[in-house]
Amino acid sequence: MNIEEVHFDANGLVPVIVQDAVSGQVLTLAYANREALAKTLETRQSTFWSRSRGELWVKGAISGNTQEVLEVVLDCDQDAVLYRVIPTGPACHTGAETCFHHPVTAETAPPPLGEVLEKVYRTLRSRLRERPEGSYVVKMHDAGLDRILKKIGEEAGEVIIAAKNGSREELAWEASDLLFHLLFTLTELGLSPQDLARVLWERNQKSTSIPAEGG
């Protein structure tokens, strides 16, 4: 993106929508001036202009909840910018995953898969940290990594059977079990959904950068 194409307002600012590159969830609405936008492009860290403090601020510089910027996109009117990011920690200063957490309408559909996986991951970490009595996660953790890995094998087999049976409902159920135990394994070994997102994103970028045959 060329900064010269951006239509800043009378105050030299442009609104910035920050979006989780994995789940698609909108995390924040902030503002950037020319300097903040240039720094974002240079460092690949979400950088904004604080209207209340009158200074630049880098997301996570104090809290540690940084945002790695994968892509910066300008809208069709060239007066709004989108940061597509991989966040480390919550986006909101309240500790919420997103600044948009006060629903006005009733939720009618489940959130995107990436968002759900992130919530499950945080629940897993919470269970391992707090060790509530009767927790399945604590029980499996205490049994050792081999027990969790055995469960992955079992669930993978169930996925194969469900797929062979052609049952969409059964397949969705068994695939969810497999994803849960895979996420459990990642958590045990210090990995997160964002680590997978980064690898998948890099692979996707490589595949989409290959010119089409004959083109």
Side-chain angles (χ1 to χ4, degrees), residues 18-28 59-60 63-68 70 84-103 105-204:
V18 182
Q19 179 188 44
D20 189 313
V22 179
S23 69
Q25 184 180 38
V26 174
L27 302 178
T28 306
K59 174 61 180 172
S63 67
N65 299 325
T66 58
Q67 295 173 348
E68 178 186 352
L70 300 184
R84 300 186 69 249
V85 308
I86 292 183
T88 301
C92 185
H93 72 281
T94 64
E97 294 178 19
T98 169
C99 292
F100 297 91
H101 57 270
H102 294 295
T105 56
E107 186 173 310
T108 58
L113 177 60
E115 183 179 339
V116 174
L117 291 178
E118 184 66 29
K119 289 183 177 180
V120 173
Y121 165 70
R122 292 187 182 182
T123 299
L124 284 166
R125 292 192 63 184
S126 174
R127 295 288 188 274
L128 293 175
R129 182 176 60 253
E130 299 171 7
R131 297 184 60 83
E133 185 176 353
S135 168
Y136 171 78
V137 171
V138 173
K139 178 182 177 181
M140 291 291 285
H141 170 77
D142 290 345
L145 181 61
D146 285 349
R147 180 68 187 93
I148 304 172
L149 296 177
K150 181 180 178 182
K151 192 66 176 176
I152 287 181
E154 295 172 359
E155 297 300 344
E158 295 293 338
V159 168
I160 293 172
I161 293 172
K164 294 288 287 184
N165 289 340
S167 171
R168 292 165 58 90
E169 182 177 351
E170 181 185 0
L171 178 57
W173 182 273
E174 299 299 346
S176 296
D177 282 345
L178 178 58
L179 280 176
F180 173 82
H181 289 91
L182 176 59
L183 197 55
F184 194 170
T185 301
L186 295 175
T187 306
E188 287 280 345
L189 297 177
L191 294 172
S192 74
Q194 300 300 343
D195 293 304
L196 297 189
R198 184 172 288 102
V199 173
L200 289 172
W201 174 264
E202 291 173 353
R203 289 181 181 178
N204 181 70

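The figures that follow rest on heavy atoms only: side chains count, while hydrogens, waters and symmetry mates do not.
Applying the side chain to side chain donor-acceptor pair (under 3.5 Å) test to Ser176 and every residue at least two apart in sequence or in another chain returns nothing. In this view, Ser192 and Asp195 satisfy the side chain to side chain donor-acceptor pair (under 3.5 Å) rule, not counting sequence neighbours. When the side chain to side chain donor-acceptor pair (under 3.5 Å) test is applied to Glu68, the partners found at least two apart in sequence or on another chain are Arg198. For Glu158, there are no side chain to side chain donor-acceptor pair (under 3.5 Å) partners two or more places apart in sequence or in a different chain.
For the atom pair CG (Leu182) and CD (Glu155), the distance works out to 11.5 Å, reported to the nearest 0.5 Å. Taking CZ of Phe180 as the start and CD1 of Ile152 as the end, the distance is 11.0 Å to the nearest 0.5 Å. Distance check, rounded to the nearest 0.5 Å: CG of Leu196 to CG of Leu117 gives 9.0 Å. Atoms OG1 and NE2, on Thr187 and His141 in that order, are 11.5 Å from each other to the nearest 0.5 Å. Atom OG1 of residue Thr66 and atom CD1 of residue Ile86 lie 10.5 Å apart, to the nearest 0.5 angstrom. A distance of 11.5 Å separates NE2 of His101 from CD of Gln25, quoted to the nearest 0.5 Å.
Ala91 and Cys99 make their closest contact through O-SG, 4.3 Å (heavy atoms, listed as atom of the first residue, atom of the second, distance).
Within the structure, side-chain hydrogen bond (donor to acceptor under 3.5 Å, both in side chains) pairs that include any residue of residues 161-175 do not occur (at least two apart or interchain).
Side-chain contact between Val159 and Leu171 is present, with heavy atoms from C-beta onward closer than 4.5 Å. Glu188 is not listed as a side-chain neighbour of Leu149, based on a closest heavy-atom distance of 4.5 Å or more. Looking at Asn65 and Thr88, their side chains never come closer than 4.5 Å, going by heavy atoms from C-beta outward. Using a 4.5 Å heavy-atom cutoff, the side chains of Gln194 and Asp20 are in contact. When side chains are defined from C-beta on, Leu27 counts as touching Gln67, because their heavy atoms get closer than 4.5 Å.
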Side chains of residues 119-130: which donor-acceptor partners sit under 3.5 Å, not counting sequence neighbours?
from	atom 1	to	atom 2	distance (Å)
Tyr121	OH	Arg125	NH1	3.4
Arg122	NE	Glu118	OE2	3.4
Thr123	OG1	Lys119	O	3.0
Ser126	OG	Glu130	OE2	3.4

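Within 6.0 Å of atom NE2 in His93, 12 or fewer heavy atoms from other residues, nucleotides or ligands are found, so the atom counts as exposed in its surroundings.
In this structure, Tyr136 and His181 have perpendicular ring planes: the angle between them is above 60°, well past the 30° mark.
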